[in-house]
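Scroll down for the structure; my scribbles are underneath it.
Excluded from the calculations below are hydrogen atoms, water molecules and symmetry mates; all remaining heavy atoms, backbone and side chain alike, are included. Residues take their numbers from the sequence shown, with the count starting at 1. Remember, it's 1-based here, ligands and their atoms both numbered in the order they're listed.
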Amino acid sequence: MTSMIVVDDERSFANFVVKVAQSVNIDATISDCATDFLTATKRDWPTIVVVDLQMPDGDGIELLREMAERHCTSKIVIASGMDGRVLDSACRLGVEFGLAMAGQLAKPIRVAELKNLLTSLIPSAAAVTVASLDAALNADNLFMLYQPQIDLETNRIMGVEALVRWRMPDGQIIPPDSFIPIAEESGLIDRLTSFVVETAFRQASAWRRRGLDLQLAVNLSAVNMQDRTLPDRLAAQCAAAELSPNGITLELTETASTRDHAILLEVLGRLRLKGFRLSIDDFGTGYSSVAQLLRLPFTELKIDKSFVVGMDLARESAVVTKTLIDMAHNLGLSTVAEGVEAAGVMRSLCEWSCQTAQGYLFSKPVDAAIIERIAAKPRVHQSDES
Ligand code: C2E
Ligand code: CA
Ligand code: CA
């Protein structure tokens, strides 16, 4: 059974987290100070640790350092009532320490959010390894879901983002963050991307034949961008599916700064010349920078969900989002906001002239058949719903 310790002196919060954890079959206990926690974990680390950054005997950051020194193997979630910047920097620090930082929770916490996070941290009975991923690619155990992208002016679906999933032999569905890094390190990413592109192009083509013309966004890995044959292969796959490159948006995250920049420029340039749209994903996190935006031939900026999700509650996130939208528009880029969960967030995005939105407010990633039902609606979100 998955084990968990909540390190927090605030009893009501700790009890709440424990209750939610138990509802998803996690064996959860509470330590109300760092000293107790370090004693309780002398022999074994639990699967998950939830740490409050503010505690009476020392602070959460000090505790993270001590956990790192004792080679903690738990997945760590940090919680705090402080603003999002404090959570962000604590998370980054944990990564620097070499800890497995698995998420952040800003108090007050929504039950659904906590439940989703904890569920995603329960290890699968079946192992995620290079060999099992290789086998999954051979056995067709990967599949695609599609998440609607909404035109904020018409409130209708204008496109979808294709998101890959892995169905394990025990039926468990593994999210991409748990296997894309393995695919990238092992070289399996080429086959994975081919599968994703082929499946999603075929789906877009089927939708078109049924009169549904949707912009299709596909995620490419930075590793794919080091392959000079990619532009020709994508163009050929596009032609085979009878799609126009204009209807395809390639979403890219810059993950490693050390990669060969000349090849990246060449590949991006050729993709753009062939007519594909290029979106810079997760902008504002990691290595993506304004300098890159200017240098590379992007057509769209995708604002990361870490800014968008809590925008209605945190002023800083709202300021960053609005600034990014203005900057993108001044640079002639279109804007997509991902992680739109609340109607208030959608209203602000409309007011700031963000063109497209994606998020749980409209729909989670779903099966292709459900996309057709969403497309049939005159409006995806009724603004009087909340
Ligand atoms: P991403 O490209 O940033 O994709 C958006 C992620 O945010 C998706 O998670 C989506 O389910 C989630 N999301 C969408 N709306 C909301 C919302 O309102 N609230 C919240 N909290 N989350 C929302 P998912 O599908 O687990 O994908 C995670 C990441 O895995 C993606 O992040 C992308 O970087 C990568 N990925 C997914 N599919 C592929 C793929 O086919 N190829 C490659 N190379 N990477 C992929
Ligand atoms: Ca994406
Ligand atoms: Ca993103």
Of all the non-hydrogen atoms in the protein, which one sits nearest to atom 31 (C) of ligand 1, and at what distance?
-> Leu163 CD2, 4.3 Å
Proximity winner for atom 14 (C) of ligand 1, if only heavy atoms of Lys364, Gln147, Met144 are counted = Gln147
Ion pair present between Arg65 and Glu69, side-chain N to carboxylate O less than 4.0 angstrom?
-> yes
Answer with side chain, backbone, both or neither: which part of Lys305 has a heavy atom less than 4.0 angstrom from an atom of ligand 1?
-> side chain
If you scan protein heavy atoms around atom 46 (C) of ligand 1, the nearest is Asn219 CB, 3.8 Å
Counting backbone and side-chain atoms alike, does Asn219 have an N/O/S atom under 3.0 Å from the Ca ion (ligand 2)?
-> yes
Run the numbers for me: atoms of ligand 1, each under 4.0 Å from some heavy atom of Pro365, listed by number.
-> 11 (O)
Mark the output for Glu341 as yes if a heavy-atom distance to ligand 1 is under 4.0 Å, and as no if none is.
-> yes
Any Lys/Arg nitrogen of Glu316 or Arg85 sitting under 4.0 Å from an Asp/Glu carboxylate oxygen of the other?
-> yes
Ionic contact status for Arg270 with Asp232, cut-off 4.0 Å | yes
Taking non-hydrogen atoms only, is Glu113 closer than 4.0 angstrom to ligand 1 via side chain, backbone, both or neither?
-> neither
More than 12 heavy atoms of other residues, nucleotides or ligands under 6.0 Å from CZ of Arg208: is that the case?
-> no
Derivation of the salt bridge (Lys or Arg N to Asp or Glu O under 4.0 Å) call for Glu161 and Lys302 | CA-CA 12 Å; Glu161 176 177 4; Lys302 201 157 179 192; 2.7 Å; yes
Is ligand 1 less than 4.0 angstrom away from at least one heavy atom of Glu161?
-> yes
Under a heavy-atom criterion of less than 4.0 Å, does Arg165 contact ligand 1?
-> yes
May I ask you to list the atoms of ligand 1 that are less than 4.0 angstrom from any heavy atom of Gly359?
-> 15 (N), 18 (O)
Nearest 10° is fine: what angle sits at the Ca ion (ligand 2) between OE2 from Glu161 and OE1 from Glu251?
-> 90°
Ligand-side contact atoms (ligand 1) for residue partner Glu338, heavy atom cut-off under 4.0 Å = 3 (O), 5 (C)
How far is atom 29 (C) of ligand 1 from its nearest protein heavy atom, and which residue and atom is that?
-> Asp177 OD1, 3.3 Å
So does Gln22 have more than 12 non-hydrogen atoms from other groups sitting under 6.0 Å from CD?
-> yes
Ligand 1 N/O within reach of Val164 N/O, cut-off under 3.5 Å | yes
Using a cut-off of 6.0 Å, state whether more than 12 heavy atoms not belonging to Glu266 lie near its atom CD.
-> yes
Identify, by name, the N, O or S atom of Asp282 lying closest to the Ca ion (ligand 3).
-> OD1
Closest to the Ca ion (ligand 3), among the N/O/S atoms of Glu338, is atom OE2
Heteroatom test (N, O or S) for Asp281 near the Ca ion (ligand 2), limit 3.0 Å = yes
Please state which part of Val340 comes within less than 4.0 Å of ligand 1, counting heavy atoms only: side chain, backbone, both or neither.
-> backbone
Is any NZ, NE, NH1 or NH2 atom of the basic residue among Lys107 and Glu10 found under 4.0 Å from an Asp or Glu carboxylate oxygen of the other?
-> yes
Relative to the ring of His381, is the ring of Phe362 parallel (under 30°), tilted (30 to 60°) or perpendicular (over 60°)?
-> perpendicular
Considering only non-hydrogen protein atoms, determine which one is nearest to atom 36 (N) of ligand 1 and report residue, atom name and distance to 0.1 Å.
-> Pro176 CB, 3.8 Å
At under 4.0 Å between heavy atoms, which part of Asp282 makes contact with ligand 1: side chain, backbone, both or neither?
-> side chain
Is NZ or CZ of Lys364 both nearer than 6.0 Å to the six-membered ring centre of Tyr360 and within 45° of the ring axis?
-> yes
Neighbour count >12 (heavy atoms, 6.0 Å) for atom CD, Glu153 = no
Taking atom 3 (O) of ligand 1 as the reference point, report whether a protein heavy atom occurs under 4.0 Å from it.
-> yes
For atom 34 (O) of ligand 1, state whether the nearest protein heavy atom is under 4.0 Å away.
-> no
Let me know which of Ile370, Val380, Ile371 forms a side chain to side chain contact (heavy atoms under 4.5 Å, CB included) with Pro148.
-> Ile371
Just wondering, do Leu117 and Val77 contact through their side chains at under 4.5 Å, heavy atoms?
-> yes
Ligand 1 and Tyr360, any nitrogen or oxygen pair closer than 3.5 angstrom?
-> yes
So, Arg347 and Glu351, do they make that salt bridge, N to O below 4.0 Å?
-> no
